[in-house]
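To start, the structure under review is shown below, and the notes come after it.
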4 protein chains.
Amino acid sequence: MASREERKKRITQRREKQILDAALLVFSRKGFDKATVPDIARQAGIAVGTIYNYYPGKRDLLIAITNKYIIAPFAEFAANNAGYTDAGFIAAIMENRLSFGLEGLEKFLPLFIEMQRDPELRRRYSEKVLSPVMTMMEKLVASRIEAGAFRDVNPAVVTRAIGGMVIGFMLLYRVEGDRSPIHGIDRKNLADELASLVFQGLVRK
Amino acid sequence: MASREERKKRITQRREKQILDAALLVFSRKGFDKATVPDIARQAGIAVGTIYNYYPGKRDLLIAITNKYIIAPFAEFAANNAGYTDAGFIAAIMENRLSFGLEGLEKFLPLFIEMQRDPELRRRYSEKVLSPVMTMMEKLVASRIEAGAFRDVNPAVVTRAIGGMVIGFMLLYRVEGDRSPIHGIDRKNLADELASLVFQGLVRK
Amino acid sequence: MASREERKKRITQRREKQILDAALLVFSRKGFDKATVPDIARQAGIAVGTIYNYYPGKRDLLIAITNKYIIAPFAEFAANNAGYTDAGFIAAIMENRLSFGLEGLEKFLPLFIEMQRDPELRRRYSEKVLSPVMTMMEKLVASRIEAGAFRDVNPAVVTRAIGGMVIGFMLLYRVEGDRSPIHGIDRKNLADELASLVFQGLVRK
Amino acid sequence: MASREERKKRITQRREKQILDAALLVFSRKGFDKATVPDIARQAGIAVGTIYNYYPGKRDLLIAITNKYIIAPFAEFAANNAGYTDAGFIAAIMENRLSFGLEGLEKFLPLFIEMQRDPELRRRYSEKVLSPVMTMMEKLVASRIEAGAFRDVNPAVVTRAIGGMVIGFMLLYRVEGDRSPIHGIDRKNLADELASLVFQGLVRK
DNA sequence: CATGAATGAGTCTTCATTCAT
DNA sequence: AATGAATGAAGACTCATTCAT
């Protein structure tokens with residue numbers, strides 16, 4: 001028995017999702033600058049003006065998307081894995097990210113690229129997502145080093161190398177497309193190969 | 001004793017360089033879409049119309065830049081290192097690329113990003129640069145495996161992981177900026193750490 | 001014991017006043033074109049749609065305001081002073097108008113300005129307010145001339161000169177604002193000075 | 001024998017005049033808010049974009065018009081009449097202004113009205129035009145009082161009353177249009193009647 | 001009656017490209 | 001060959017008005 005207030009709120013949220021999903025799709029396909037607000041409206045099946053009833057401008061759509069699809073999920077992920085220091089974690093996170101990345105590649109990579117060009121978005125992303133993730137992984141690597149499991153590497157550098165590998169791998173995957181010899185390979189196998197490379201690179205022998 | 005023809009050609013080349021350098025700078029600063037042709041003309045110190053005497057349109061500037069600053073240098077590099085299979089090569093190339101990359105980050109990364117959004121540019125880049133480089137490195141890795149020096153990894157995947165690591169590392173470096181703990185570290189040390197990670201990850205023990 | 005009809009009517013009138021007062025305020029602050037219907041609704045504390053239940057459009061609000069706050073009061077004033085021919089009348093009306101004007105300057109002058117731009121409103125105002133007032137004053141001046149009290153001026157012209165003086169004085173007062181040397185002067189004194197100027201200008205010596 | 005520079009400058013000035021004249025006409029007819037930039041372009045016989053090559057925005061057209069057609073002429077007038085203190089001056093200035101005003105009424109009054117709504121324009125107008133004119137007239141009135149020719153009035157108030165009379169008279173003239181009994185009267189006669197009213201109002205008897 | 005989300009025509013403004021000089 | 005003023009198509013954004021609830 002939803003009150004009037006609650007029903008209204010639900011409708012509002014549905015609209016916001018509708019708009020954000022459409023914007024994400026259009027931004028991904030054409031890039032932020034080339035995407036037009038009428039494009040987004042058409043994709044969402046609503047009128048141009050409606051978008052402006054929910055978001056004050058085109059750039060705010062980008063910000064909202066970033067919040068909803070990147071920052072919020074990461075925050076949740078981070079909260080759930082705060083104390084995790086197990087050795088298998090690296091492989092897990094890598095597979096997780098890689099799966100997520102290859103899956104949503106066409107969708108989110110253009111978004112990530114777009115963010116590169118907006119200093120404020122870049123800063124927000126850096127603060128809310130990258131720094132926490134990096135810090136978490138740094139601690140993990142440091143604890144493994146201390147435990148004698150890993151070689152004596154610089155945790156900060158190595159962490160960024162691993163994170164960068166995941167991102168860069170996806171970029172290359174996309175750029176090469178079906179011309180790449182790795183195009184058909186199963187995602188799980190790709191993740192395993194990367195994880196193994198990193199693990200062997202870190203482990204003390 | 002330069003003939004009229006030759007002199008003309010020299011002037012033309014100077015103009016083209018003048019325009020392309022300006023375009024590279026402006027594209028890097030503002031991104032392709034936000035950069036305007038008058039911006040570029042102003043930066044080059046010439047009139048708008050002059051640009052159109054040398055290049056048919058704005059997008060052609062991007063293509064020409066890509067050819068001149070990315071594809072041509074790589075082609076030359078590839079020609080000079082065709083048969084290279086030495087083990088230190090990975091470290092060398094990594095340091096080379098990393099130095100180049102961190103150096104020209106602000107200049108070329110926006111260009112790279114821009115390329116991501118133009119399917120044709122992406123394809124050209126993939127064909128002319130990535131594939132040759134990847135093939136070259138694949139062969140190198142494969143020969144090392146055959147020689148028993150490297151573990152039995154998938155050369156295609158590993159090659160892309162390493163290349164991606166370099167690219168992704170630079171991206172993260174840029175996104176985090178001076179908030180990163182690795183911000184002040186010497187470039188040479190960064191390259192060594194990455195090379196060591198990769199080498200240890202590959203080597204058979 | 002108010003019938004259902006009467007109660008309904010009272011509610012309706014209250015709503016109309018509520019809307020018109022809000023519209024007057026907003027029009028005064030931002031001008032007709034820059035004022036938005038949502039602005040007015042917000043000011044009135046009601047929903048946008050409600051306004052359209054009482055007035056068919058934005059412009060009709062302006063017309064209704066003019067009727068209610070300018071035409072109707074003047075009509076009443078005119079009815080009450082139909083036969084007035086006393087000599088002190090000029091001073092009285094001038095003080096009255098000036099007081100009213102300086103008082104409601106910020107409120108009604110923008111409205112008056114707005115009216116200037118709408119030909120139909122201008123005509124209505126001219127017919128319903130100006131002509132009656134001018135005619136009334138013309139007669140007064142003429143009778144004073146006939147009585148030998150005033151010089152032999154053209155009553156129509158002089159009447160408009162006096163009326164114009166009041167309006168123009170207020171305009172200048174507003175434009176100059178607190179940079180004017182007359183800014184701090186008491187309203188009563190201002191009115192006296194103006195009335196004296198006019199009276200001396202008219203009186204036969 | 002105009003140099004290239006000079007010819008260019010002349011063309012530019014012609015364009016600016018062309019645009020400003022068109023803008024003045026359209027603003028006068030429809031008011032600032034209802035006038036559209038395409039309207040102005042059409043009136044000037046040029047493309048929309050051309051206007052933006054000369055003025056950064058619509059509002060800047062209003063400012064430029066005010067400068068060119070109101071502030072600059074007044075500055076020139078003021079410079080030419082700086083020391084004028086003759087008694088006939090009031091009549092002269094009144095006739096001058098009245099002629100100017102009734103002449104350009106349809107053109108400039110809407111502009112004046114528009115200015116009322118833009119606080120910055122209002123301030124500029126007040127500073128550059130009104131204050132100098134008022135100061136000039138104040139001095140004139142004061143000197144006449146000192147000479148015993150005028151009654152002992154407040155020069156600041158009286159000056160604004162006279163200035164206001166001219167402006168207000170024109171306003172009423174316009175509002176009443178051809179329904180006014182003074183509609184057909186010769187401009188010279190109107191000015192004389194007003195000047196006489198003021199003069200008699202001021203003179204000591 | 002009251003509500004306020006949805007609509008889309010209408011604005012201002014930008015900028016790639018052209019072309020007369 | 002160089003110039004840069006002119007062009008107008010295209011895009012972001014506003015807001016009067018409607019209508020389902």
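Throughout, a chain's letter reflects where its sequence line sits, starting with A, and its residues are numbered from 1. The structure presented is a predicted model; accordingly, all values stated were derived computationally and were not measured. Heavy-atom basis, side chains included; hydrogens, waters and symmetry copies ignored.
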Interatomic distance, [X] [atom1] vs [N] [atom2] [rounded to whole Å]:
X: Ile46(C); N: dG4(E); atom1: CD1; atom2: P; answer: 11 Å
X: Lys8(D); N: dA6(F); atom1: NZ; atom2: C1'; answer: 14 Å
X: Tyr55(A); N: dA12(F); atom1: OH; atom2: C1'; answer: 18 Å
X: Phe27(A); N: dG11(F); atom1: CZ; atom2: P; answer: 14 Å
X: Arg42(D); N: dG8(F); atom1: CZ; atom2: P; answer: 13 Å
X: Asp39(C); N: dT14(F); atom1: CG; atom2: P; answer: 13 Å
X: Ile51(D); N: dA5(F); atom1: CD1; atom2: P; answer: 16 Å

| task | Give one of base, sugar-phosphate or nothing for Thr12(B), where a contact means two heavy atoms less than 4.0 Å apart. | result |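 Since no nucleic acid heavy atom lies under 4.0 Å of Thr12(B), the category is nothing.
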
Among residues at least two apart in sequence or on other chains, which ones pass side chain to side chain donor-acceptor pair (under 3.5 Å) with Asp39(B)?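 Checked Asp39(B) against side chain to side chain donor-acceptor pair (under 3.5 Å); matches are Lys30(B), Thr36(B), Arg42(B).
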
Residues that Thr12(C) engages under side chain to side chain donor-acceptor pair (under 3.5 Å), provided they are two or more places apart:
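By the side chain to side chain donor-acceptor pair (under 3.5 Å) rule, Thr12(C) matches no residue at all.
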
Going by the salt bridge (Lys or Arg N to Asp or Glu O under 4.0 Å) test, which pairs reach into residues 61-71 of chain C, not counting sequence neighbours?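 Qualifying pairs: none.
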
| request: May I have all residue pairs that pass salt bridge (Lys or Arg N to Asp or Glu O under 4.0 Å) and include part of residues 44-57 of chain C, sequence neighbours excluded? | output: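 Matches after skipping sequence neighbours: none remain.
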
Problem - Nearest-neighbour nucleotide for the Ala47(C) side chain, dT3(E), dT7(F), dG8(E) considered - result: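 Shortest atom-to-atom distance from the side chain points to dT3(E).
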
Under a 4.0 Å heavy-atom criterion, the protein footprint on nucleotides 15-21 of chain F, written with B, S and -, is SSBB---

Practice problem: Specify the residues of residues 15-26 of chain A, ordered by number, for which at least one heavy atom lies under 4.0 angstrom from an atom of DNA chain E. | Solution: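 Contacts with DNA chain E under 4.0 Å: Arg15(A).
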
Who are the salt bridge (Lys or Arg N to Asp or Glu O under 4.0 Å) partners of [X], not counting sequence neighbours?
X: Asp60(B); result: none
X: Lys17(B); result: Asp21(B)
X: Glu127(C); result: Arg123(C)

query: So what stems show up for DNA chain E if we need 3 or more Watson-Crick or G-U pairs in a row, all under 3.5 Å?
result: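 Paired runs of 3+ in DNA chain E: E:2-21 with F:2-21.
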
* Of all residues at least two apart in sequence or in a different chain, which pass the side-chain contact (heavy atoms from CB on, under 4.5 Å) check with Lys58(B)? ->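 By the side-chain contact (heavy atoms from CB on, under 4.5 Å) rule, Lys58(B) matches Phe27(B), Phe32(B), Val37(B).
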
| said: Taking the nucleotide of DNA chain E with the nearest heavy atom to each, does Tyr54(C) or Tyr54(A) sit closer to the 5' end? | reply: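 Result: Tyr54(C).
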
- Query: Got a donor-acceptor contact below 3.5 angstrom from the Ser28(B) side chain to the Leu24(B) backbone?
  - Reply: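 Between the backbone of Leu24(B) and the side chain of Ser28(B) there is a qualifying donor-acceptor contact (under 3.5 Å).
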
* To do: With side chain to side chain contact (heavy atoms under 4.5 Å, CB included) as the test, would you mind laying out the steps for Met115(D) and Arg124(D) before giving the verdict?
  => CA-CA 10 Å; Met115(D) 272 171 39; Arg124(D) 285 166 55 85; over 6 Å; no

Side chains of residues 44-53 of chain B: which donor-acceptor pairs under 3.5 Å do they make with residues two or more places apart or in other chains?
none

